[in-house]
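Note sheet for the following structure.
Fair warning: this is a prediction, and the values are worked out from it, not measured in the lab.
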Amino acid sequence: MQYSYANIRAMTMDRLIEIHDARSLQVDPGLDFFRNEIARREQESSTQLMTELTQSMAAMTRRIELATYIAMTSGVISLCIAIFK
């Protein structure tokens with residue numbers, strides 16, 4: 001059976017692997033297309049994970065920056081109270 005690009009993109013990862021494994025028992029020049037699609041999906045998944053991690057790190061950095069400003073302000077206020085007391 002021939003698969004169109006749209007059909008392959010719509011398949012689940014499990015179905016792609018199943019078709020690849022079935023076709024790999026015989027020599028089929030179309031196997032590269034399935035391998036490439038599987039690799040593309042795995043790369044897309046990794047990219048999504050890295051994007052989420054980057055966003056989490058950015059949010060954590062903003063919170064740490066805020067905590068630093070609060071600590072500095074608290075220190076300056078404490079110093080001013082100690083000096084002018």
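If you take CZ on Arg9 and CG on Leu16, they are separated by 10.5 Å, rounding to the nearest 0.5 Å. In this structure, Arg41 CZ and Ile17 CD1 are separated by 9.5 Å, a value rounded to the nearest 0.5 Å. In this structure, Glu52 CD and Met57 CE are separated by 14.5 Å, a value rounded to the nearest 0.5 Å. Going from atom CD of Gln48 over to atom CG of Leu53 covers 11.5 Å, rounded to the nearest 0.5 Å. Here the OG atom belonging to Ser74 is positioned 11.0 Å from the CG atom belonging to Leu79, to the nearest 0.5 angstrom. Of the inter-residue distances, the one linking Asn36 atom CG with Ile8 atom CD1 reads 10.0 Å to the nearest 0.5 angstrom.
Under a hydrophobic clustering in which Ile, Leu, Val, Met, Phe, Trp and Tyr are joined whenever their side-chain heavy atoms come within less than 4.5 Å, directly or via other members, Met72 and Leu66 fall into different clusters.
With sequence neighbours excluded, the residues that form a side chain to side chain contact (heavy atoms under 4.5 Å, CB included) with Ile64 are Met60, Thr68. Take Glu18 and apply the salt bridge (charged side-chain N to carboxylate O under 4.0 Å, His left out) test, not counting sequence neighbours, and it matches Arg15. With sequence neighbours excluded, the residues satisfying salt bridge (charged side-chain N to carboxylate O under 4.0 Å, His left out) with Arg40 are Glu37, Glu44.
Between Cys80 and the choices Ile77, Val76, Ile83, the side chain to side chain contact (heavy atoms under 4.5 Å, CB included) rule is met once, by Val76.
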